[in-house]
2 protein chains.
Amino acid sequence: MRIGQLSEYTGTPRRLLRYYEEQGLIISSRAANGYREYDERYVDRVLQIRGLLDAGLPTRVIKQILPCLSKPRTIHISDATPETIATLERERDRINERIQCLARSRDALTDYLDALRGAQGPDDPQADPVSAFSSGVVSSLTPEPA
Amino acid sequence: MRIGQLSEYTGTPRRLLRYYEEQGLIISSRAANGYREYDERYVDRVLQIRGLLDAGLPTRVIKQILPCLSKPRTIHISDATPETIATLERERDRINERIQCLARSRDALTDYLDALRGAQGPDDPQADPVSAFSSGVVSSLTPEPA
DNA sequence: TTAAACCGTCACATAAATGTGAATGTCAAG
DNA sequence: CTTGACATTCACATTTATGTGACGGTTTAA
């Protein structure tokens, strides 16, 4: 498929697909006229890239770990220096830290929402019996929620 | 404490602490001379902010969810419009998506590393008995791992 | 009193991801 | 052949999170 198709399937502006290529995240073959030509597998690939970018990984890091994320593994093995391995391990650890951080926030957010629902918005009959009661104390550590 | 202390404790440049304040993520009281004055709780707060930023959340979103992440909950409850709740739920869902995406990548990365270790780098006596064997097939979907 | 180590604001610079448009080439359909 | 949709490259603009420095005030200690 060409860039327009891939753009449509992945909801990614053409500009960005070219940018990802420029950053070495994807590779395109060219038709005789110079048009980029993509494999169907690029749809998932691009969605994965976008997910990782959205999760805060820079293209530089994504470029490093992408080759390890292909479905049919048992490829790309054998070209691994100790430094490569160390780098990948470091990135994996960093990803783990991100996950932990996000999970903590998600859990706190969930608790907060549960408390809110328990306190005043029980329009949803699934509300948990969380004994939440409000006070007027304001921490002043943070601004008001929007 | 003043900004220098907070900067030292959190490993965050002064410049960024002022920036976070400018973005409404933190609030400082001012001493008579105009110096910013911080509570000790700001250390954890700033670390949390940095973690979320590093995980890809923009300051705009962090500002929204931060008030819900305070330890002593049961504060800030009662000022929640339905739109606020909907926004928070949406952000929670987005955070969840990020977590899923990162977890997938981490797992794939872990598998890859396990396979690598099984294939050639068993310097570590803890290596798992993963029956990994390499082939020369290259996907061409992605560049070589660095 | 002077120097060093803080603090303040202001402002310019940068890298990454992205938006947007110009100028042009290609191709399929009328 | 022309038009419209799609492609190309080039290039400038923008936003966000930062770095960095100028210039000046304050506090502390020699």
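Predicted model, so just to flag it, every value in this text is computed and none were measured. Order of the sequence lines fixes the chain letters, A, B, ..., with proteins taken first and strands second; residue numbering starts at 1 for each chain.
Side-chain contact between I65(B) and I95(B) is present, with at least one heavy-atom pair separated by less than 4.5 Å. At least one side-chain heavy atom of L57(B) sits under 4.5 Å from a side-chain heavy atom of R98(B).
For the pair G34(A) and Y35(B), nearest-nucleotide mapping onto DNA chain D gives the more 5' position to G34(A). Nearest-nucleotide positions on DNA chain D place I3(A) closer to the 5' end than the other of I3(A) and R2(B).
Phosphate proximity of dG8(C) to R36(B): present, with a side-chain N or O under 4.0 Å from OP1 or OP2. OP1 or OP2 of dT27(D) has at least one side-chain nitrogen or oxygen of N33(B) nearer than 4.0 Å.
In this structure, L25(A) places its CG atom 12 Å from P of dA16(C), rounding to the nearest Å. In this structure, M1(A) atom CE and dA7(D) atom P are separated by 12 Å, rounded to whole Å. When rounded to the nearest whole Å, the span between CD of E8(A) and C1' of dA7(D) equals 15 Å. If you take CD of E37(A) and C1' of dA7(D), they are 12 Å apart, rounded to a whole angstrom. When the P atom of dC7(C) is taken as reference, atom CZ of R18(B) falls 7 Å away, rounded to whole Å. Going from atom CZ of R14(A) over to atom C1' of dT9(D) covers 15 Å, rounded to whole Å.
Among the candidates R15(B), R50(B), R45(B), the single residue satisfying the side-chain hydrogen bond (donor to acceptor under 3.5 Å, both in side chains) test with Y20(B) is R50(B).
Side-chain atoms of T84(B) and T87(B) include no donor-acceptor pair closer than 3.5 Å.
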Sugar-phosphate means primed atoms, P, OP1 and OP2; the rest is base. With that split, encode nucleotides 10-21 of chain D 5' to 3' as B, S or - using protein heavy atoms under 4.0 Å. -B----SBBBB-
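Sorted by first and then second residue, the salt bridge (charged side-chain N to carboxylate O under 4.0 Å, His left out) pairs with a member in residues 24-33 of chain B read E21(B)-R30(B); sequence neighbours excluded.
Here the straight-line distance linking atom CD of Q48(B) with atom CG of L25(B) works out to 11.0 Å at 0.5 Å rounding.
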